[in-house]
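This report concerns only the one structure given below.
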Amino acid sequence: KTSLLAHDHHISLNSRSSEQQTLSLAPKSHNKTDSSAELWDLITGAGTHEPKKQYGYRNKYEDLQRNRTLHHPRLPQPSPDVERVHLSKVSLTSHGGDLFVLPEDRRRNGILTDEAFDVSAGTDATQENIIFSPSKSSFKEQNNNEPLDADAELRSRLSAALLGGNHNSNGDKGIIEDFPSPTSTLNFPAPTPLHPKLVSEWQLETHHANDFVIGGYDDSQVDRLDEMLLCREVTEIDRHSPSHSFVVCADSQVGMTSMNDEWETELQYCRQAVKAVNSLHPRPAFVCVCGDIVDMESSFHRKSGAKFSQAECDVIQDKQNEDFKRVFSEVHEDIAVLCVCGNHDIGNRPTPASIERFTNAFGDDYLAFWVNGTYNIALNNVLFSDPTGAPENFNSQLIWLEDRLRYAREHDAACIYVFAHHPWFLYHEDEEMEELKGSARYPKEWGESDEKFPDYYFHIPKNYRMMALDLFRKYDVSASFAGHFHRNLVSKTSWGMDMIITAPLSILLESDGNTEFRAGKPPEKNGRGIRIVEVKVDKKGKGRFTHRFDLLD
């Protein structure tokens, strides 16, 4: 086997033979006029390219969760241009595997623009159509004698060098007959139209506008269409791997055991969780903490016999947030960390001020992002539990939610996953408060007490619950992940959405409710732990998933 070991810009090549070679890819002299130096700068990100941003734990979370999406270098999200092209591709492949023919009036003197991909644009039945292969959003036809600019020329040379430089027999530069390796991450094709060989391979030919579509192709040709016809950057809106994974944990609730006198106990549980996440191979795409990140919240000063003032509550919560972020910043840098707000983070009756405290610490309280062709939506569903303190926030999020679900379906997401703190329901989607008779005793760590948490405390009231579930049904959400119940529980809607509740990283609660629901079902082990979700996406873009719960102890 051949292994490549990179060190100080040098690569040692070890083959099966005893002979060993050392290849220096970095030029000895970085003369800016040297083309090899230019190529090396492009590969390493030197020169004018922005260096990799180093995150400190204090600003890591706010930087990740902003503008209603997740920002992480390993999970590049699509730009509006990429979204438009992707939507065009979905439109093409949803019509029985036919290719869309670009109308003559969408081409401008040989320049293919983004508007050319607007499938809603009208066509003139007398106009001729032709297929082109754009590089990014535009290209110049091959017979245009205008020279390429410096950046385009550099991309062309780099593409030829990295992808093997297999040109056609006529020696035309930039026309690559062989497709790049699927493992290549350095694909910068030179701006060229389709090679005649590829045209015949896809049975492409000139048509009139009233024909609209041409040719048929199989799944492998769809992938090649994406690479050669659309030629756009690869982002997480695309299926780029047959599988990926993510981790769900919940209720770290820093400070819960001692009722906020200390919180080193919970921080140690968090360290165990971080160690477990970092030990997973292959590495998960992200880890989501489904709310109640800390225990302290401002309303605690209103409790009978409260031992903290409001100012003290705020100071303690800030300190708990900082300590949690410091511990979870040890999650491997390749794994994104998503923090969802819970009722202890923003209060049982959230207000704009309490939500702002969370967003100042962790970034957006609701957002959405792509991973390997699946769409992931994180919600502030504490607002669904009681929206009366922040009705405008509730309404804005509800409108945004439907918009994102519609968007995900339009882009043919392989799966849609929802992450929130409160379970939408415990046992079935139509459950009413009155039928939840069970309860869980206060934890023994709080001392002897006959007080209990009723089961109905943990779900979303039905009137607000159905606002979300109706949307989840309409747009075919695959699963919703939550915490808050402080134990594992998995149930399902009548249309097949899994409601997956994950046990805590803090204190475990034991409900005695609904023994009939659990009867005959293999119980999922309970304890402090993390849930690993394995997602598989087939070549047709259809996803499925499995999950398991791993104990930390």
With rounding to the nearest 0.5 angstrom, report the [atom1] to [atom2] distance, [X] to [Y].
{"X": "L379", "Y": "D365", "atom1": "CG", "atom2": "CG", "answer": "9.5 Å"}
{"X": "L398", "Y": "M467", "atom1": "CG", "atom2": "CE", "answer": "7.0 Å"}
{"X": "E510", "Y": "F453", "atom1": "CD", "atom2": "CZ", "answer": "13.5 Å"}
{"X": "I500", "Y": "N488", "atom1": "CD1", "atom2": "CG", "answer": "10.5 Å"}
{"X": "H421", "Y": "L383", "atom1": "NE2", "atom2": "CG", "answer": "12.5 Å"}
{"X": "F545", "Y": "H244", "atom1": "CZ", "atom2": "NE2", "answer": "11.0 Å"}

Flag, side chain of [X] to backbone of [Y], donor-acceptor distance under 3.5 Å:
{"X": "N376", "Y": "W370", "value": "no"}
{"X": "S258", "Y": "E262", "value": "yes"}
{"X": "Q320", "Y": "M296", "value": "yes"}
{"X": "N360", "Y": "E356", "value": "yes"}
{"X": "N343", "Y": "G347", "value": "no"}
{"X": "S243", "Y": "K536", "value": "no"}
{"X": "K275", "Y": "C270", "value": "no"}
{"X": "E534", "Y": "S245", "value": "no"}
{"X": "R239", "Y": "V537", "value": "yes"}
{"X": "H240", "Y": "T235", "value": "no"}

CZ (R544) with more than 12 external heavy atoms under 6.0 Å: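 Incorrect, the count does not exceed 12.
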Neighbour count >12 (heavy atoms, 6.0 Å) for atom CD, E434: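 Yes - once you tally the heavy atoms of other residues, nucleotides and ligands closer than 6.0 Å, there are more than 12.
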Using side-chain heavy atoms (C-beta onward) and a distance below 4.5 Å, is [X] in contact with [Y]?
{"X": "D63", "Y": "H71", "value": "no"}
{"X": "V418", "Y": "F472", "value": "yes"}
{"X": "L469", "Y": "M466", "value": "yes"}
{"X": "H486", "Y": "Q253", "value": "yes"}
{"X": "L70", "Y": "L75", "value": "yes"}
{"X": "N381", "Y": "I460", "value": "yes"}
{"X": "C339", "Y": "Q65", "value": "yes"}

Can a salt bridge be assigned to the pair [X] and [Y] using a cut-off of 4.0 Å between side-chain N and carboxylate O?
{"X": "R473", "Y": "E429", "value": "yes"}
{"X": "D318", "Y": "R357", "value": "yes"}
{"X": "R531", "Y": "D550", "value": "no"}
{"X": "R66", "Y": "D364", "value": "no"}
{"X": "D412", "Y": "K89", "value": "no"}

Test side-chain contact (heavy atoms from CB on, under 4.5 Å) applied to F485 and D251, L509, L426, T502, the passing residue: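 Checked D251, L509, L426, T502 against F485; only one passes side-chain contact (heavy atoms from CB on, under 4.5 Å): L426.
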State whether a side-chain donor-acceptor pair under 3.5 Å links [X] with [Y].
{"X": "E333", "Y": "H72", "result": "no"}
{"X": "Y269", "Y": "R528", "result": "yes"}
{"X": "N372", "Y": "S241", "result": "no"}
{"X": "D498", "Y": "Y417", "result": "no"}
{"X": "E431", "Y": "H459", "result": "yes"}

Audit row: Y456, E432, side-chain hydrogen bond (donor to acceptor under 3.5 Å, both in side chains) steps and yes/no: CA-CA 8 Å; Y456 61 76; E432 301 280 0; over 6 Å; no
R349/T388 under side-chain hydrogen bond (donor to acceptor under 3.5 Å, both in side chains): CA gap, chis, key distance, verdict: CA-CA 7 Å; R349 182 176 179 269; T388 59; 3.0 Å; yes
Pair D295-Q317, side-chain hydrogen bond (donor to acceptor under 3.5 Å, both in side chains): steps then yes or no: CA-CA 8 Å; D295 186 70; Q317 187 185 61; over 6 Å; no
Full working for salt bridge (Lys or Arg N to Asp or Glu O under 4.0 Å) between E402 and K474: CA-CA 10 Å; E402 180 161 22; K474 179 178 179 181; 3.4 Å; yes
Face-on cation placement of K525 at F549 ring, 6.0 Å and 45° thresholds: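 That pair does not qualify as a cation-pi contact.
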Kindly say whether the aromatic ring centers of [X] and [Y] come within a distance under 6.0 Å.
{"X": "F324", "Y": "W263", "result": "no"}
{"X": "H484", "Y": "F458", "result": "yes"}
{"X": "F246", "Y": "F419", "result": "yes"}

From CA spacing to verdict: salt bridge (Lys or Arg N to Asp or Glu O under 4.0 Å), D403, R68: CA-CA 12 Å; D403 175 76; R68 299 298 176 209; over 6 Å; no
Trace of the salt bridge (Lys or Arg N to Asp or Glu O under 4.0 Å) decision for K319 with E322: CA-CA 5 Å; K319 178 59 176 169; E322 288 294 303; over 6 Å; no
Steps toward ring pair (Phe, Tyr, Trp, His ring centres under 6.0 Å) verdict (F369, Y375): CA-CA 6 Å; F369 57 101; Y375 201 56; 7.9 Å; no
Partner of F384 by ring-ring contact (aromatic ring centres under 6.0 Å, His included), out of Y366, Y464, F394: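 With F384 as partner, ring-ring contact (aromatic ring centres under 6.0 Å, His included) holds for just one option, F394.
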Criterion salt bridge (Lys or Arg N to Asp or Glu O under 4.0 Å) on E264 and R271, from CA distance to verdict: CA-CA 10 Å; E264 179 58 31; R271 293 185 188 101; 2.6 Å; yes
side-chain hydrogen bond (donor to acceptor under 3.5 Å, both in side chains) between E266 and S252, intermediate numbers included: CA-CA 7 Å; E266 289 79 21; S252 48; over 6 Å; no
Pair H344-V294, side-chain contact (heavy atoms from CB on, under 4.5 Å): steps then yes or no: CA-CA 7 Å; H344 279 266; V294 302; 5.7 Å; no
